[in-house]
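Right, one structure below, let's go through it.
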There are 2 protein chains.
Amino acid sequence: MRLRFNGWVYGSAHPRRVDKRTLCSNEATGQIHHVRREQRDPLSIEKHTAENSLIAALPPRCRANVLRSCEQVELQLEEVLCEPGQRIRHVYFPIEGFVSLVAVLDDGGALEVGIIGREGMVGASVILGVDTLADRAVVQCAGAALRMSSASFRRLCARNMALRMRVGLYLYASMAQLAQVAACTGYHVVEARLVRWLLMSRDRAHKNEFHLTHEFLAYMLGVRRVGITEAATALQARGLITYNRGDITILDNAGLEKASCDCYERGNLIYDAAMGLSCARSAR
Amino acid sequence: MRLRFNGWVYGSAHPRRVDKRTLCSNEATGQIHHVRREQRDPLSIEKHTAENSLIAALPPRCRANVLRSCEQVELQLEEVLCEPGQRIRHVYFPIEGFVSLVAVLDDGGALEVGIIGREGMVGASVILGVDTLADRAVVQCAGAALRMSSASFRRLCARNMALRMRVGLYLYASMAQLAQVAACTGYHVVEARLVRWLLMSRDRAHKNEFHLTHEFLAYMLGVRRVGITEAATALQARGLITYNRGDITILDNAGLEKASCDCYERGNLIYDAAMGLSCARSAR
DNA sequence: CGACAGCTGTTCGGTACCGCACATTGCCAG
DNA sequence: CTGGCAATGTGCGGTACCGAACAGCTGTCG
């Protein structure tokens with residue numbers, strides 16, 4: 001069985017031992033249809049700036065420069081911002097929604113390797129001098145975001161040290177988390193990984209409920225849908241979550257955090273260490 | 001059972017379902033003992049420059065600058081260049097040997113997430129403004145390398161656009177490969193992953209034999225030693241490799257490449273695409 | 001030469017996840 | 001109201017890998 005998400009297709013689960021599979025070609029090449037609002041008045045945008053922490057942490061003048069180049073867009077659920085290897089046209093600073101980075105294998109396998117909410121940005125690797133993204137970027141939770149053409153972003157970074165530093169640190173944190181997630185995938189059972197994933201989503205959604213089908217979760221974690229169903233059922237039985245046709249609600253945050261593998265907490269530590277270091281640095 | 005590598009300890013395999021494990025504290029804190037040769041005369045170093053492709057690709061003046069700041073060291077087998085989170089004091093440009101990056105989990109699990117030979121460098125993330133490494137860097141194959149203090153490296157990068165660009169691209173390639181490996185770990189059977197690993201090592205060792213015990217391989221791939229033994233036995237039975245007490249010899253390169261998962265080839269493509277892009281760029 | 005340590009091979013019971021197939025439930029459009 | 005579809009639940013046999021334990025085999029060192 002295969003699923004379609006706004007035009008792109010993926011295998012339900014994947015072969016651990018099947019060798020090849022030819023699918024995952026984007027029929028109709030995932031229409032990327034932004035609901036582009038007209039440019040807001042500066043005040044309205046300014047209001048939002050504090051809500052992407054990457055931007056918020058910039059010195060005022062620099063922040064103003066960044067904002068001038070941004071427009072606000074509404075990210076659509078399951079919209080694909082960029083396919084792996086494709087030229088990235090815009091970088092995104094999520095405000096409400098969040099985005100997942102998904103590594104795609106030739107044989108149709110896929111695995112989430114990063115998750116980007118208002119604490120970060122999509123396309124940070126542009127500062128490395130490339131204009132492609134290594135992974136597929138899928139919107140996981142709809143909502144507002146700021147965006148900027150990658151050319152503008154590169155120009156701004158070239159001129160602005162504070163911005164470049166900040167983005168660099170974020171990139172480092174992303175890499176560290178990527179490694180962490182890789183190890184986690186190999187070592188921890190589906191249930192623990194599911195919990196980690198729910199907690200990370202919660203942190204980025206800033207609320208205790210979000211819309212996610214088992215099928216989608218399975219795709220993200222690289223397991224069968226049934227595996228998710230089993231794990232989710234167990235969590236529900238323990239009173240940690242409830243869900244109903246894709247609407248998941250977290251009931252017991254503390255309990256969930258206990259049920260998760262260390263990787264959740266560790267991921268947060270990694271981020272704090274990297275980004276906090278920047279504070280120490282700029283305070284010097 | 002636990003192993004000791006030059007002073008640091010790791011769990012033999014690891015728990016897929018065990019939740020915690022307290023080990024992996026480095027007893028005796030992995031003595032890092034470089035066999036530091038006295039500074040060679042410039043000609044001798046110059047001779048080697050072409051052998052690290054990152055350096056070799058730099059414009060002549062820039063290359064000379066880099067070399068002036070480098071000293072040559074001999075990497076010892078299983079030496080730990082840097083522990084995760086530790087301050088990185090030197091960056092390394094391997095010439096003969098190669099180095100693995102290993103993600104370490106709290107519960108003792110570990111997984112190789114990158115491999116660095118003469119095509120790259122250890123510590124590229126320094127250009128992002130951090131002075132720590134996210135993963136453990138272990139020497140996998142002894143041999144010569146150039147090294148430079150990370151402070152010098154940062155200074156050079158700040159001044160030198162070509163160097164910064166080149167290292168940036170390399171960093172991007174590393175990230176892309178990391179994501180690739182993460183997915184591979186989740187989807188492919190041990191044997192295929194082992195083969196991928198052997199091929200990658202071969203490419204970096206520039207020869208068809210190297211010294212690696214099953215135990216070490218198991219550690220790298222995050223599986224039990226027995227898993228490696230079984231896979232290796234099968235490969236040997238098929239006439240693709242032979243091995244004897246840690247000395248592995250590749251007999252049939254073509255056969256091995258067929259036995260590997262696509263991730264091997266794909267990793268190479270990723271690297272070429274990223275680094276080749278730089279050529280196009282500088283040719284402009 | 002004998003003891004020992006490091007490396008490899010083998011076995012065994014257990015389990016997490018696989019692919020596949022099918023049943024159930026709730027929502028929505030016609 | 002009804003048929004259809006998306007989302008979820010369940011059951012079954014298979015397999016890749018796990019932990020543990022033990023049995024050679026070989027080189028080294030006292």
Side-chain angles (χ1 to χ4, degrees), chain A residues 1-6 11-21 23 77-78 107-109 111 184-194 211-219 221-237 241-248 261, chain B residues 1-6 11-19 21 23 77-78 107-109 111 184-194 211-219 221-237 241-249 261:
Chain A
M1 192 236 272
R2 292 173 197 176
L3 268 224
R4 315 185 78 247
F5 278 160
N6 285 2
S12 65
H14 60 51
R16 185 158 200 137
R17 45 200 84 100
V18 169
D19 245 38
K20 298 250 187 184
R21 217 195 256 195
L23 56 89
L77 183 62
E78 287 163 10
D107 53 17
L111 185 69
C184 177
T185 300
Y187 281 100
H188 298 313
V189 293
V190 170
E191 186 177 310
R193 284 162 56 204
L194 171 62
H211 185 84
L212 294 164
T213 66
H214 291 183
E215 189 82 46
F216 189 85
L217 284 165
Y219 174 68
L221 296 183
V223 296
R224 293 174 314 154
R225 195 216 79 218
V226 175
I228 298 293
T229 300
E230 280 161 2
T233 307
L235 293 176
Q236 194 170 38
I241 64 170
T242 58
Y243 58 91
N244 178 28
R245 301 186 72 71
D247 294 318
I248 298 190
C261 50
Chain B
M1 195 238 271
R2 291 173 198 176
L3 268 224
R4 316 186 77 247
F5 277 160
N6 285 1
S12 66
H14 62 50
R16 185 156 200 139
R17 44 201 84 103
V18 169
D19 246 38
R21 218 197 254 193
L23 57 89
L77 183 61
E78 287 164 7
D107 52 18
L111 186 68
C184 178
T185 301
Y187 281 98
H188 297 135
V189 293
V190 170
E191 187 178 309
R193 284 161 57 202
L194 171 62
H211 185 85
L212 294 164
T213 66
H214 290 183
E215 189 83 45
F216 189 85
L217 284 165
Y219 173 69
L221 297 183
V223 297
R224 292 173 314 153
R225 195 217 79 218
V226 174
I228 298 292
T229 300
E230 281 161 0
T233 307
L235 293 176
Q236 194 169 38
I241 63 171
T242 57
Y243 58 92
N244 179 28
R245 302 185 69 71
D247 293 318
I248 298 191
T249 306
C261 50

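These values consider heavy atoms only, across backbone and side chains, with no hydrogens, waters or symmetry-generated copies. Just so we're on the same page: letters track the sequence lines, and every chain starts at 1. Keep in mind it's a predicted model, so treat the numbers as computed, not measured.
- The NE2 atom of A:His214 sits 19 Å away from the P atom of C:dT24 (whole-angstrom rounding).
- Atom CD of A:Gln236 and atom P of D:dA7 are 17 Å apart (whole Å).
- Among the atoms of the strands shown, base atoms are found under 4.0 Å from some heavy atom of A:Val226.
- Of all heavy-atom pairs between A:His211 and A:Asp247, the closest is ND1-OD1, 2.9 Å.
- We find that CD1 of B:Ile228 is positioned 10 Å from P of D:dC17, with the value rounded to whole Å.
- Atom CG of B:Asn244 is separated from atom P of D:dT26 by 9 Å (rounded to the nearest Å).
- Following rounding to the nearest Å, B:His188 (NE2) and C:dC18 (P) show an atom-to-atom distance of 14 Å.
- Nearest heavy-atom pair, A:Cys184 versus A:Cys261, reported as atom, atom and distance to 0.1 Å: SG-SG, 3.6 Å.
- Annotation: side chain of A:Thr233 is in contact with side chain of A:Tyr243 (closest heavy-atom distance under 4.5 Å).
- Taken from CG in A:Leu221 to NE2 in A:His214, the straight-line distance is 11.5 Å, to the nearest 0.5 Å.
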Can you name the atoms? Protein N/O to nucleotides 3-6 of chain C N/O, anything below 3.5 Å, with the distance.
residue, atom, partner, partner atom, Å
C:dG6, N2, B:Arg245, NH1, 2.7
C:dG6, N2, B:Arg245, NH2, 3.0
C:dG6, N3, B:Arg245, NH2, 3.2

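- Side-chain nitrogen and oxygen atoms of A:Arg224 include at least one within less than 4.0 Å of the OP1 or OP2 phosphate oxygen of C:dC18.
- In this structure, A:Thr185 and B:Gly186 approach most closely via the heavy-atom pair CG2-CA, 4.3 Å.
- Regarding A:Tyr187, its OH atom lies at a distance of 12 Å from the C1' atom of D:dC18, rounded to whole Å.
- Between B:Thr233 and C:dG9 there is a side-chain polar atom (N or O) within less than 4.0 angstrom of OP1 or OP2.
- Distance, A:Glu230 CD to D:dT10 C1': 9 Å, rounded to whole Å.
- Every residue meeting the side chain to side chain donor-acceptor pair (under 3.5 Å) condition with B:Glu191, not counting sequence neighbours, appears here in chain and number order: B:Arg238.
- Nucleic acid contact class of B:Gly246 (heavy atoms, under 4.0 Å, all strands): sugar-phosphate only.
- Look at A:Tyr243 and you'll find a side-chain N or O under 4.0 angstrom from OP1 or OP2 of D:dG9.
- One atom, CZ of B:Arg225, and another, C1' of D:dC17, lie 14 Å apart when rounded to the nearest Å.
- Taking 4.5 Å as the limit, every side-chain heavy atom of B:Thr213 sits out of range of all side-chain heavy atoms of B:Arg225.
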